[in-house]
Amino acid sequence: MSKFIALAVGGFLLMTNISNAQAVAIKVEPQEDAPQISKHIYGHFAEHLGRCIYGGFYVGEDSDIPNTAGVRMDVVEALRELSIPNLRWPGGCFADTYHWKDGIGPKEERPSILNIWWGNVREDNSFGTHEFLNMCELLGTEPYLSANVGSGTPQELADWIKYTNHPAGTSPMPELREEYGREEPWKVTYWGIGNEAWGCGGNMTPEYYSDVYRRYATFTTDWRNSDGLVRVASGASSSDYNWTEVLMKNIPKNLIEAMALHHYSVIDWGNKGPSTEFSEGQYFTIMERALLMEELIQKHTAIMDKHDPEQKVALFVDEWGGWYDPEPGTNPGFLYQQNTMRDAMIAGTTLNIFNNHADRVKMANLAQAVNVLQAVILTDEEKMILTPTYHVMRMYKVHQDATLIPLSFESPEYTHEDKSLPAISASASRDAAGNTHFSLVNIDSEKAHEIQLDVSGLDLSKVLGEILSADKLQDHNSFDNPDKVHPESFKKIQLKGGTLSLEIPPFSVIVITAK
């Protein structure tokens, strides 16, 4: 038995593990200064990788697939239903070989390049700045642009900011934008200063990147944007705490608004395992990697708190998700994988962790939106399906911009061979309309668990529930059976004497709305 308590310590939620042998009992711990769960935690990521952009988001204006300016409308409508708050583009590794001026102007005049990172395929630059930012307007989402630091220049970035943000007629860049058909600026707020600078973004040391970042950040300014820009430093890979230490020490706080963190749930980088025909052991290992996110955020946050006790610098987990071997018969450089109930478990537990650390985690980006890694949408020509991860993101959108309600609870253990993990994950919030939301996940592959929520201090009278479950962990949606895994109404909830009682089945996600 593991006991997990969400406590306010030094302004953030600290999860402690205490040996105990009690049943699952979740207690609501309201606090006056609880943080707001930023809607940007529910962000997405679109890289020029495989079929994420071409064939995923973008099919071209001449396609028979219904589209607006080449952007397929079935994907737009599905993402609108998620209320996606932001979309990160153009990478990823691709960002540090991307030169934005290649992707503007008449399409027939745009130069093509070789995408050396993902499959060595030709990139014709038909989807560029205008296409992406106009698509974000169509989606009703905020763009998050990743700047080229690996092979670009500060001038290139400064010009991109002027091109996207400055009013028409104020300088050569907005005049060029107007010439290419866009008079009004898009007003882009979020700017990543490079991507994975420790790897594909340049194989830099943290000391060297700190200096590079300071140089680029100095020119990442937009004096006409009264809201200011959010400059995001290329942060650590998983448990590289030294990277965070060096950057937080060396970068002046007036040059940085956010620090990134990347963490993927991977069994073994040399042998990632299949996306559907996985074993119990492979499932357990993936969940072990996913739940590591709790420790990573705690430890990176502790380092950030040491150098930034006022918490002016946000933590953006702008790449996360499950990573497996590509589907057999597909281009291995396209990273196309199926999406099962295992992915729903990753999504539900990870989003609960982000919610519970909402004081410092202000943005996160699932990798990736369409046809790549832990995608919410898969397409095949005119066909489109929604994955189990999509359904979790849709169920959890009730937490966006709601106020966190800390919880304390005891979790039974999910055991495999000689290892164990906490079976139950949970988070809660209250929205502006006064509704209270609880998201619960049981990762145990075999056992259901009784849950008792002590809501005696919340004055609740009506409860609604929704559940995502399946017969097997390996169950997934396919183009032949697109609705095999889908949410259903969950009515087996009892509210009596200030206690919500329910049973959560094995490998399932439940979201409860109480009024």
Full working for side chain to side chain contact (heavy atoms under 4.5 Å, CB included) between Q337 and D325: CA-CA 7 Å; Q337 62 189 41; D325 290 334; over 6 Å; no
Residues H48, W89; criterion side chain to side chain contact (heavy atoms under 4.5 Å, CB included); working and verdict: CA-CA 8 Å; H48 285 245; W89 176 86; 2.9 Å; yes
Please determine whether side chain to side chain contact (heavy atoms under 4.5 Å, CB included) holds for the pair C200 and D96, giving the CA-CA distance in whole Å, both sets of side-chain angles, and the decisive distance to 0.1 Å. CA-CA 8 Å; C200 62; D96 283 299; 5.7 Å; no
Before you tell me yes or no, could you show the steps for K492 and L502 under side chain to side chain contact (heavy atoms under 4.5 Å, CB included), namely the whole-Å CA-CA distance, both residues' side-chain angles and the distance that decides it to 0.1 Å? CA-CA 6 Å; K492 298 178 181 179; L502 64 139; over 6 Å; no
Mind running salt bridge (Lys or Arg N to Asp or Glu O under 4.0 Å) on E131 and R110 for me, showing each step along the way? CA-CA 13 Å; E131 289 76 23; R110 298 180 187 180; 3.2 Å; yes
Apply ring-ring contact (aromatic ring centres under 6.0 Å, His included) to Y98 and W117, showing your working. CA-CA 11 Å; Y98 180 69; W117 296 109; over 10 Å; no
Carefully, step by step, assess H357 and E294 under the rule side-chain hydrogen bond (donor to acceptor under 3.5 Å, both in side chains). CA-CA 9 Å; H357 288 279; E294 172 69 36; 2.9 Å; yes
Run the side-chain donor-acceptor check on residues 342-353: report pairs under 3.5 Å with partners two or more places apart or on a different chain.
from, atom 1, to, atom 2, distance (Å)
R342, NE, Y324, OH, 3.4
R342, NH2, P274, O, 2.9
D343, OD1, Y324, OH, 2.8
D343, OD2, T340, N, 2.8
T349, OG1, M345, O, 2.8
T349, OG1, I346, O, 3.2
T350, OG1, I346, O, 2.7
N352, OD1, Y396, OH, 3.3
N352, OD1, S427, OG, 2.7
N352, OD1, S439, OG, 2.8
N352, ND2, G348, O, 3.4
N352, ND2, Y396, OH, 3.4
N352, ND2, S425, OG, 2.8

Validation: residues 79-86 side-chain donor-acceptor distances under 3.5 Å, sequence neighbours left out:
from, atom 1, to, atom 2, distance (Å)
R80, NE, L138, O, 3.0
R80, NH2, L138, O, 2.9
N86, OD1, N365, ND2, 2.7
N86, ND2, H40, O, 3.3
N86, ND2, H40, ND1, 3.0

Distance-only donor-acceptor hits, side chain of residues 506-515, under 3.5 Å, sequence neighbours excluded:
from, atom 1, to, atom 2, distance (Å)
S508, OG, P505, O, 2.7
T513, OG1, H437, ND1, 3.1

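The cationic group of R51 lies under 6.0 Å from the six-membered ring centre of Y336 and within 45° of the ring axis, placing it in a cation-pi geometry.
At least one donor-acceptor pair under 3.5 Å links the side chain of E123 to the backbone N or O of N125. Proximity of a side-chain donor or acceptor of K362 to a complementary backbone N or O of A358 within less than 3.5 Å is detected.
You'll find the side chain of W191 reaches within 4.5 Å of the side chain of V188, heavy atoms only. Using a 4.5 Å cut-off on side-chain heavy atoms (C-beta onward), F57 and F132 make no contact. At least one side-chain heavy atom of P487 sits under 4.5 Å from a side-chain heavy atom of E466. H399 has its side chain within reach of Y42: a pair of non-hydrogen atoms, C-beta onward, lies under 4.5 Å apart. Contact check for E196 versus E319: side-chain heavy atoms found under the 4.5 Å cut-off. At a threshold of 4.5 Å between non-hydrogen side-chain atoms, the residues Q368 and F45 count as touching. Counting heavy atoms from C-beta outward, T68 and V76 have side chains that stay 4.5 Å or more apart. For the pair W118/V372, no side-chain contact is recorded, criterion being any heavy-atom separation below 4.5 Å from C-beta on.
Using bins of under 30°, 30° to 60° and over 60° for the plane-to-plane angle, the ring pair F127/Y54 lands in the perpendicular bin. Between W198 and H262, the angle of the ring planes goes over 60°, which puts this pair in the perpendicular group of the 30/60° scheme. Between Y144 and F316, the angle of the ring planes goes over 60°, which puts this pair in the perpendicular group of the 30/60° scheme. Ring planes of H300 and Y241: tilted class, angle from 30 to 60°.
Heavy-atom contacts from other residues, nucleotides or ligands closer than 6.0 Å to CD of E503 number more than 12. Other residues, nucleotides and ligands place no more than 12 heavy atoms under 6.0 Å from the CG atom of D62.
In this structure, F479 has no ring-ring contact (aromatic ring centres under 6.0 Å, His included) partners at least two apart in sequence or on a different chain. Annotation: ring-ring contact (aromatic ring centres under 6.0 Å, His included) contacts of Y390 (sequence neighbours excluded): none. The ring-ring contact (aromatic ring centres under 6.0 Å, His included) search around F278 returns none, not counting sequence neighbours.
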